[in-house]
Amino acid sequence: MVSDSPLKEQRMHISRADGGSYTDNLIGTLLAIFGNVLVSISLCIQKYSHVKLAGTKDLRAFYHTKTWWGGFVLMCLGEGANFVSYAFAPLALVSTLNAVSVLTSSILGFIFLRDKLKPKDFAKRYGLSFLGSFLTIGGTFLFVVFGPNSHEKLQAENIVTHLVGWPVLLYLVLEIITFCLLLYFYKRRNANYLVIILLLVALLGSVTVITVKAVSGMLVLTIEGTMQLDYPIFSVMFVCMVAAVVFQAGFLAQACKLYDSSMIAGFNYILSTVFAVIAGAVFYVEFKNEDVLHICMFLLGSAFCFLGVFLITKNRKRTKTFEPYVTMDMVNGVPTIHDKGFFVQPDTNGAFSYGALVNNDGAAPATLPVPNLKED
């Protein structure tokens, strides 16, 4: 009886650890879902504030309106919930749950649209969005149910142990080399391709999620009573987190200037999630105790989410391309054709627009001949 007691205590300890891991994963999953939903709602509220302010003669800046500040507060709460979720749930689970934000934005956009369309036109316009939403919901269910259930308390000693392991060092070396090569082609060779920019964003994003999980985990342990903030690794992770977030936002802003946001949203989610899952598997060894079935089902759910997000973002309205227009040089009396998109296109106000000259005497507009600029 005496010899069996340590074995029973060990079994009880293992069962408590498994139950605690399941509870932590559940808390992290709910926090991530709640945070992504709040972020989507906040962005819709802020966009509504901008649109409403632009449609009136109100000269106030957008940050002087209560609606915008309400959206900002919700965004802070949502991002805070996402930040805390990294301390409880695995990286592979939290990063993939960003699909909830895309899904929520699509649903809110559909609810607030007031287009009255025929059933045929409605199915043609929103068919891909509905298909993508169903795929995203099904994929989310799969990777949440079959996702990694391993979780450890991220004490400073554990983070240092992970950091100095040879798989992590090899992963970081390969990531640095890849990042430098992509940055060289982007800066020196002017390779402003969307894939290259989003790969830079995704590589920085993998560093971001690694450091966010470490900082969040140590902060939660400190709040629970185990001080972790006086370890040097906390300061290192915090500085790396801030730097990665700043540079990641910079590259993402450059991508938004060059390409349509609907293209960026889908590809950025796919690439960032892939690199985040790889980072969690290498750095925090999240799939170590998972069997082949769970891993395959998790990958299947992730693939469903990738396809669903791609279809949702593909069906969004594209921004209108620049249309060439003509203005009159009042000094020389020579019409000027603007076809590069560098100038702000004037509104139709009875003066001159789209190649039609309107006289001040009220005469009928005379169409200006537009020369053929193409040379054989």
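The analysis underlying the following values was restricted to heavy atoms, covering all of them including side chains, and did not include hydrogens, waters or symmetry mates.
Residues Phe179 and Val207 are members of separate hydrophobic clusters, defined by side-chain heavy-atom contacts under 4.5 angstrom among Ile, Leu, Val, Met, Phe, Trp and Tyr. The hydrophobic clustering, which links ILVMFWY residues whose side-chain heavy atoms are closer than 4.5 Å, places Val94 and Leu221 apart. Note on Val160: it clusters hydrophobically with Val282, by side-chain heavy-atom contacts below 4.5 Å among ILVMFWY residues. No chain of hydrophobic side-chain contacts below 4.5 Å, direct or via other Ile, Leu, Val, Met, Phe, Trp or Tyr residues, connects Trp68 to Met75. Two different hydrophobic clusters hold Leu91 and Val285 under the rule that ILVMFWY side chains link at heavy-atom gaps under 4.5 Å.
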Got a list of side-chain donor-acceptor pairs under 3.5 Å for residues 225-247, not counting sequence neighbours?
{"residue": "Gln228", "atom": "OE1", "partner": "Ala156", "partner atom": "N", "Å": "2.8"}
{"residue": "Tyr231", "atom": "OH", "partner": "Glu157", "partner atom": "OE2", "Å": "3.1"}

May I have the list of side-chain donor-acceptor pairs in residues 168-178 shorter than 3.5 Å, sequence neighbours left out?
{"residue": "Tyr171", "atom": "OH", "partner": "Glu175", "partner atom": "OE2", "Å": "3.0"}
{"residue": "Glu175", "atom": "OE2", "partner": "Ser206", "partner atom": "OG", "Å": "2.5"}
{"residue": "Thr178", "atom": "OG1", "partner": "Leu174", "partner atom": "O", "Å": "2.8"}

For residues 35-42, tabulate all N or O donor-acceptor pairs below 3.5 Å that involve a side-chain atom, not counting sequence neighbours.
{"residue": "Asn36", "atom": "ND2", "partner": "Ala32", "partner atom": "O", "Å": "2.8"}
{"residue": "Asn36", "atom": "ND2", "partner": "Leu97", "partner atom": "O", "Å": "3.2"}
{"residue": "Ser40", "atom": "OG", "partner": "Asn36", "partner atom": "O", "Å": "3.1"}
{"residue": "Ser40", "atom": "OG", "partner": "Ser101", "partner atom": "O", "Å": "2.8"}
{"residue": "Ser40", "atom": "OG", "partner": "Ser101", "partner atom": "OG", "Å": "3.0"}
{"residue": "Ser40", "atom": "OG", "partner": "Ser105", "partner atom": "OG", "Å": "3.4"}
{"residue": "Ser42", "atom": "OG", "partner": "Leu38", "partner atom": "O", "Å": "3.3"}
{"residue": "Ser42", "atom": "OG", "partner": "Val39", "partner atom": "O", "Å": "2.6"}

Side-chain atoms of residues 181-190: list all donor-acceptor pairs with protein atoms under 3.5 Å, sequence neighbours left out, distances to 0.1 Å.
{"residue": "Tyr184", "atom": "OH", "partner": "Arg189", "partner atom": "NE", "Å": "3.3"}
{"residue": "Tyr184", "atom": "OH", "partner": "Arg189", "partner atom": "NH2", "Å": "3.2"}
{"residue": "Tyr186", "atom": "OH", "partner": "Gln254", "partner atom": "OE1", "Å": "2.2"}

Assess whether side-chain contact (heavy atoms from CB on, under 4.5 Å) is satisfied between Leu198 and Leu252, documenting all intermediate values. CA-CA 7 Å; Leu198 293 185; Leu252 199 56; 4.2 Å; yes

Worked verdict on Thr313 versus Phe267 for side-chain contact (heavy atoms from CB on, under 4.5 Å): CA-CA 9 Å; Thr313 55; Phe267 287 110; over 6 Å; no

After noting the C-alpha distance and the side-chain angles of Leu258 and Ile197, does the key distance pass the side-chain contact (heavy atoms from CB on, under 4.5 Å) rule? CA-CA 10 Å; Leu258 298 174; Ile197 301 176; 4.0 Å; yes

Mind running side-chain contact (heavy atoms from CB on, under 4.5 Å) on Leu77 and Phe34 for me, showing each step along the way? CA-CA 9 Å; Leu77 292 176; Phe34 177 73; 5.8 Å; no

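Atom CD1 of Ile312 sits about 10.0 Å away from atom CG of Leu307, to the nearest 0.5 Å. Atom SG of Cys44 sits about 11.0 Å away from atom CD1 of Ile107, to the nearest 0.5 Å. With rounding to the nearest 0.5 angstrom, the CG atom of Leu74 is 5.0 Å from the CD1 atom of Ile45. We find the CG-OH distance between Asn192 and Tyr259 to be 6.5 Å, quoted to the nearest 0.5 Å. Here NZ of Lys257 is found 12.0 Å from CD1 of Ile264. Values are rounded to the nearest 0.5 Å. Separation of atoms CD1 (Ile196) and CZ (Phe251) is listed at 11.5 Å; rounding is to 0.5 Å.
Using modelled atom types, one side-chain atom of Asn25 and one backbone atom of Pro148 make a donor-acceptor pair closer than 3.5 Å. Ser106 places no side-chain N or O within donor-acceptor distance of the main-chain N or O of Val102, the cut-off being under 3.5 Å.
Taking the ring-ring contact (aromatic ring centres under 6.0 Å, His included) definition, one finds that Phe304 meets it with nothing, sequence neighbours left out. Annotation: side chain to side chain contact (heavy atoms under 4.5 Å, CB included) contacts of Gln248 (sequence neighbours excluded): Val201, Leu204, Thr208. Residues passing the ring-ring contact (aromatic ring centres under 6.0 Å, His included) test with Tyr193, sequence neighbours excluded: none. Taking Asn268 as the reference, Ser272 meet the side chain to side chain donor-acceptor pair (under 3.5 Å) condition, with sequence neighbours excluded. Among residues two or more places apart in sequence or in another chain, the ring-ring contact (aromatic ring centres under 6.0 Å, His included) test is passed with Phe83 by none. Considering only residues two or more places apart in sequence or on other chains, Leu30 meets the side chain to side chain contact (heavy atoms under 4.5 Å, CB included) condition with Leu26. Legend: residues meeting ring-ring contact (aromatic ring centres under 6.0 Å, His included) with Phe298, ordered by chain and number and at least two apart, are Phe287.
Taking each heavy atom of Gly132 and Leu311 in turn, the nearest pair found is CA-CB, 4.0 Å. Asn98 approaches Ser95 most closely through the heavy-atom pair ND2-O, 3.1 Å. Across Val309 and Gly266, no two heavy atoms sit closer than the pair CG1-CA, 4.1 Å. The two residues His294 and Glu290 make their nearest non-hydrogen contact at CB-OE1, 3.8 Å.
Looking at heavy atoms from C-beta onward, Thr23 lies out of side-chain contact with Phe88 at the 4.5 angstrom threshold. Looking at heavy atoms from C-beta onward, Lys213 lies out of side-chain contact with Val209 at the 4.5 angstrom threshold.
Ring orientation note: the planes of Phe283 and His162 are tilted relative to one another, at an angle of 30° to 60°.
Pairs of residues two or more places apart, or lying in two chains, never qualify as side chain to side chain donor-acceptor pair (under 3.5 Å) while including a residue from residues 71-94.
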